[in-house]
Amino acid sequence: MLYRLKNEGYQAYLVGGCVRDLLLGREPKDFDLVTDATPDQIRAVFRNCRLVGRRFRLAHVHFGHEIVEVATFRGINGETRQGERVMENGRILRDNVYGTIEEDAFRRDFTINALYYNIRDFSVVDYVGGMQDHRNSVLRLIGEPEERYREDPVRMLRAVRFAVRLGFNLHPSCAEPIGRMASLLQQIPAPRLYDEVLKLFFGGYAVQTFEALRHHHIFAALFPETEQCLGQEHDGFPLTFLAHALDRTDRRIEEGKPVTPYFLFAALLWEPVRTRAEAKIAEGANDLLAYQDASAEVVERQVHQTAFPRSVGQPMREIWGLQPRFARLTGHRPYRLLTHPRFRAAYDFLILRAESGEADPALAEWWTRFQAADEPERKAMLREAERVPGGTKRKRRRSRHRKAAAS
Ligand code: ATP
Ligand code: MG
């Protein structure tokens, strides 16, 4: 592929994450190419090529299942240049000015992401001191950090993500402004932030990334209500459910098991949903309705931060909505719950809650046994349940209602 461009007389380099990962001895996720050919010229070289992106126009060249991104060197705005760069309050809205490789290097985000691998002589081209930072395991923005964050606030999230994933130290000059500038993320379109959240938590280092985001005071810019809840304690214990769920995500990724965005978001927003719902229940609301209303309120507020597609919002609410139903162990209810299409995900969620000490472990264990049991055993379990786990929970609730009503 590089050779095709070269044979047509263009310059072609590998750049970005793949060079960085190759230097670290890691297998790159994907390959990014840059060239001095314009998107139209790239299209003329490769038949199997599509031009994509508005903010950042580039070519996708298809090779069987693989897509290789081919970008044209980005330049610095100038009268003589073709293309356009659109700015608003110091933020880059569109960047399609073409230029030289050196200019291209300076508009990339981090020094270690601006290394070019030249296939002509197998050398690494470095204009920004990336090799030095690479050797010292330092993650450093190119240029003036505040200006670079203002141009694109998502770079703050990228800084945290790369530092954790690579085990690099974020240079103090790049770490310091993050807390102050985190609120700039509000300018970023919610769908882009949704994509970034998936990259943050599905990279295999969700727990560390979560801790680093909180450490740099930027988690609140993504999940304000969750951050608020995390500051509080539950019966005198710090809330560990989310960290626990993220740990499970990391382990699933390590084992090559699938992970789903709706489960992740259900976990990220669970504390606000639960807190709101329990407050309503304490005021005497029906528990199923309380969870429904709380879910709607939390989603309503969160979509301003990170939009999510319907395919995420719907199952996420179902997981939440089923949680109070696990405590209802009478009549046909447990059977109906078993056949619910979202039962499995909601049950996994209950297990996580129980493991982190937030839900009753006896209840989670009851559901584990109930699924495995045959019919006579199930009948016996239901008779037993009229007294034990769900029963006690409902009684406790009722007495709380009575107290609330009396006061
Ligand atoms: P990953 O392994 O996560 O794909 P990556 O470094 O390849 O990491 P990409 O998002 O694929 O990250 O971007 C490719 C390259 O484009 C980066 O290495 C960087 O040089 C440049 N780049 C990406 N996003 C930005 C940005 N917001 N600002 C400046 N340069 C960026
Ligand atoms: Mg990449």
Side-chain angles (χ1 to χ4, degrees), residues 5 10-23 31-39 42 53 55-59 69-121 123-163 166 168-178 181 184 188:
L5 283 164
Y10 298 114
Q11 301 177 46
Y13 299 85
L14 283 174
V15 70
C18 59
V19 178
R20 179 194 70 214
D21 291 347
L22 286 170
L23 286 170
F31 291 89
D32 296 314
L33 285 186
V34 273
T35 173
D36 56 351
T38 64
I42 298 168
R55 201 172 64 85
F56 202 96
R57 196 152 175 73
L58 41 82
E69 274 188 12
V70 188
T72 308
F73 294 140
R74 284 326 190 250
I76 293 150
N77 233 348
E79 312 276 292
T80 56
R81 292 296 155 84
Q82 42 174 331
E84 54 167 355
R85 176 183 244 184
V86 183
M87 305 279 291
E88 183 186 287
N89 302 332
R91 185 160 70 93
I92 300 172
L93 293 185
R94 213 175 303 156
D95 192 358
N96 288 313
V97 182
Y98 303 124
T100 64
I101 179 170
E102 187 169 357
E103 289 172 333
D104 186 88
F106 280 97
R107 50 141 290 280
R108 290 183 179 270
D109 47 6
F110 301 98
T111 60
I112 57 162
N113 279 352
L115 297 171
Y116 298 77
Y117 180 78
N118 186 348
I119 50 148
R120 263 176 226 273
D121 55 6
S123 62
V124 173
V125 183
D126 176 11
Y127 293 101
V128 294
M131 284 305 278
Q132 171 99 20
D133 284 340
H134 199 280
R135 273 191 295 274
N136 297 331
S137 302
V138 171
L139 186 67
R140 187 202 311 259
L141 281 162
I142 300 164
E144 207 279 302
E146 289 196 24
E147 186 185 328
R148 301 309 309 279
Y149 286 146
R150 208 168 295 118
E151 275 177 6
D152 182 3
V154 168
R155 287 174 186 151
M156 292 184 275
L157 298 176
R158 290 172 63 86
V160 174
R161 174 160 64 92
F162 288 134
L166 304 172
F168 276 33
N169 294 312
L170 187 54
H171 191 273
S173 68
C174 307
E176 185 275 325
I178 292 182
M181 301 182 75
L184 292 182
I188 302 299

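All heavy atoms count here, side chains included; hydrogens, waters and symmetry mates do not.
- Atoms CG and CG, from Asp109 and Asp152 in turn, are 8.5 Å apart once rounded to the nearest 0.5 Å.
- Listed by chain and number, the residues in a side-chain contact (heavy atoms from CB on, under 4.5 Å) with Pro153 are Arg91, Met156, Leu184, Leu185, Gln187, Ile188 (sequence neighbours excluded).
- For Asn136, the side-chain contact (heavy atoms from CB on, under 4.5 Å) partners two or more places apart in sequence, or in a different chain, are Gln132, Val138.
- The CD1 atom of Ile178 sits 4.0 Å away from the OH atom of Tyr149 when rounded to the nearest 0.5 Å.
- In terms of modelled atom types and a separation under 3.5 Å, the side chain of Arg155 and the main chain of Arg148 share a donor-acceptor contact.
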Chi angles and distances behind the side chain to side chain contact (heavy atoms under 4.5 Å, CB included) call for Ile112, Leu166: CA-CA 11 Å; Ile112 57 162; Leu166 304 172; 3.5 Å; yes
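- Closest of all the heavy-atom pairs between Ala105 and Ile142 is O-CD1, 3.4 Å.
- Arg140 contributes atom CZ, which lies 6.5 Å from atom OG1 of Thr111 (distance to the nearest 0.5 angstrom).
- One N or O on the side chain of Thr35 and one on the backbone of Gln11 form a donor-acceptor pair closer than 3.5 Å.
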Side chain to side chain contact (heavy atoms under 4.5 Å, CB included) assessment of Leu115 paired with Met131: CA-CA 8 Å; Leu115 297 171; Met131 284 305 278; 3.9 Å; yes
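- Between atom CD1 of residue Ile101 and atom CG of residue Asn118 there is a gap of 7.5 Å, rounded to the nearest 0.5 Å.
- Checked by atom type and distance alone, the side chain of Asn169 never pairs as donor or acceptor with a backbone atom of His171 at under 3.5 Å.
- Using a 4.5 Å cut-off on side-chain heavy atoms (C-beta onward), Phe110 and Asp133 make no contact.
- Contact record, Leu170 with Ala159: CD1-CB, 3.9 Å, taken as the closest heavy-atom pair.
- The structure places CD of Glu176 at 7.0 Å from CD of Glu146, a figure rounded to the nearest 0.5 Å.
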Evaluation steps, salt bridge (charged side-chain N to carboxylate O under 4.0 Å, His left out), between Glu147 and Arg150: CA-CA 5 Å; Glu147 186 185 328; Arg150 208 168 295 118; over 6 Å; no
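- Counting heavy atoms from C-beta outward, Asp104 and Tyr116 have side chains that approach closer than 4.5 Å.
- Between Ala114 and Val128, the shortest heavy-atom distance links the atoms CB-CG2, 3.8 Å.
- What you find for Pro177 and Pro172 is that their closest heavy atoms are CD-O, 4.5 Å.
- Distance check, rounded to the nearest 0.5 Å: OH of Tyr117 to CG of Asp126 gives 15.5 Å.
- Using bins of under 30°, 30° to 60° and over 60° for the plane-to-plane angle, the ring pair Phe73/Tyr13 lands in the tilted bin.
- Between Thr72 and Pro39, the shortest heavy-atom distance links the atoms OG1-CD, 3.2 Å.
- Residue pairs satisfying the ring pair (Phe, Tyr, Trp, His ring centres under 6.0 Å) criterion with at least one member in residues 123-146, sequence neighbours excluded, are listed as follows: His134-Phe168.
- Of all the heavy atoms in Ala71 and Arg74, the pair that sits closest is CB-NH1, 4.2 Å.
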Trace of the side chain to side chain contact (heavy atoms under 4.5 Å, CB included) decision for Arg108 with Val15: CA-CA 10 Å; Arg108 290 183 179 270; Val15 70; 3.6 Å; yes
